[in-house]
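See structure below.
What you see is a predicted model, and the numbers here were worked out from it, not measured in a lab.
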Amino acid sequence: MIGTIVNTAAIVIGSIAGSVFKKGLKEAYQDILMQAMGLAAAALGINAIAQHLPDSKYPVLFIVSLALGGVIGQMLDLEQRFKNMVSKFSAGNLAEGLSTAILLFCVGTMSIIGPIESALNGNNTYLYTNAILDGVTSVVLASTFGIGIIWSAAVLFCWQGSIYLLANVLTDFISPVLLTETSIVGGVLILCAGLSILGVRSFKTINLIPALLIPIIFIAVMSYT
């Protein structure tokens, strides 16, 4: 768990540093940073899709996952519930920034593989590398959206902690195929977040998050048939 603790601490430190930095920024600089963050998120999403889609054993699965996940998320109205929760603590566009932070920090390949490697092999290299990336990213996000980005650290800790614990129990189930299919869906979600920040189109990214569960359910069913 030491790798996850380091990763979480990096986000906390980065968020604090970014929020302090934000106070001295003019609106024009905040705007260009938001554009930079949107482009970075879009690029990371495209990279994840391009990297994993050629290795997919079920090339249509990510389409089905997005469709079913989107319907489930819309039925539960996750996007609006998330915004209502965030608005109780902060005004402005924090909900957009926080949702982007959670996706960038939690859905990335290293944030999934890292806890598994740590649990099964005692290797924290992925998590330490991820900590550096997340620390820098949190500085930029917090300088754009404010100190509220720090809440993503708690989400990351629970996310990676859960994967770490599950990896010890479900060693045989966590396969390269599962990681590949989940990473493709995650890449699409990160791309959506980036396009939303850039103002290309306002995607209900939070409503699409249940799509991450569809590959897990599908592969679990396939493994027992």
Side-chain angles (χ1 to χ4, degrees), residues 34 37-88 93-113 137 141 145 148-149 151-152 155-156 158-160 162-163 166 173-175 177-223 225:
M34 185 177 292
M37 198 65 253
L39 287 170
L44 288 171
I46 293 171
N47 179 66
I49 298 168
Q51 181 181 353
H52 295 287
L53 192 55
D55 298 326
S56 174
K57 289 190 174 182
Y58 309 101
V60 184
L61 179 58
F62 83 97
I63 301 174
V64 176
S65 298
L66 289 168
L68 290 178
V71 170
I72 293 170
Q74 187 64 42
M75 288 175 60
L76 298 175
D77 201 12
L78 297 179
E79 182 92 6
Q80 192 57 49
R81 290 174 187 270
F82 180 76
K83 289 181 178 179
N84 291 341
M85 180 182 68
V86 173
S87 65
K88 293 179 181 179
N93 58 349
L94 175 60
E96 182 181 21
L98 193 54
S99 63
T100 301
I102 291 171
L103 287 171
L104 286 173
F105 298 154
C106 297
V107 180
T109 303
M110 281 192 290
S111 194
I112 297 173
I113 296 178
T137 303
L141 282 169
F145 297 102
I149 295 299
W151 287 105
S152 62
V155 177
L156 176 107
C158 294
W159 170 257
Q160 291 188 357
S162 298
I163 294 175
L166 285 172
F173 177 68
I174 301 173
S175 64
V177 174
L178 175 60
L179 293 176
T180 295
E181 303 303 332
T182 305
S183 295
I184 295 170
V185 177
V188 174
L189 296 185
I190 293 173
L191 174 60
C192 288
L195 294 176
S196 293
I197 293 175
L198 290 171
V200 175
R201 193 185 192 288
S202 181
F203 291 93
K204 293 185 176 181
T205 313
I206 299 295
N207 281 355
L208 290 169
I209 284 182
L212 289 166
L213 298 175
I214 306 302
I216 298 174
I217 296 171
F218 175 80
I219 292 172
V221 171
M222 291 296 292
S223 64
T225 56

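Summarising the geometry, atom CD1 belonging to I217 is positioned 9.0 Å from atom CG belonging to L68; distances are rounded to the nearest 0.5 Å. Distance check: C192 SG to I206 CD1 gives 11.0 Å after rounding to the nearest 0.5 Å. Of the inter-residue distances, the one linking R81 atom CZ with N207 atom CG reads 10.5 Å to the nearest 0.5 angstrom. In this structure, W151 CH2 and I102 CD1 are separated by 11.5 Å, a value rounded to the nearest 0.5 Å. Distance check, rounded to the nearest 0.5 Å: CD1 of I184 to CG of D55 gives 8.0 Å. The CZ atom of F105 lies 5.5 Å from the CG atom of L141; values are rounded to the nearest 0.5 Å.
Listed by chain and number, the residues in a ring-ring contact (aromatic ring centres under 6.0 Å, His included) with F218 are Y58 (sequence neighbours excluded).
No side-chain donor-acceptor contact under 3.5 Å links E181 to the backbone of I216. Formation of a donor-acceptor pair under 3.5 Å by the T182 side chain with backbone atoms of L179 is not found in this model.
The closest side-chain heavy-atom distance from L189 to L66 is below 4.5 Å. Inter-residue side-chain proximity for L195 and F203 is flagged as met; some heavy-atom pair is nearer than 4.5 Å. A heavy-atom distance below 4.5 Å is found between the side chains of P210 and L78. At a threshold of 4.5 Å between non-hydrogen side-chain atoms, the residues L208 and K204 do not count as touching. Using a 4.5 Å heavy-atom cutoff, the side chains of V177 and I219 are in contact. Contact annotation: the side chain of S56 never approaches that of L61 to less than 4.5 Å [non-hydrogen atoms, C-beta and beyond]. Two residues are said to be in side-chain contact when any heavy atoms from C-beta on lie closer than 4.5 Å; S196 and R201 fail this criterion.
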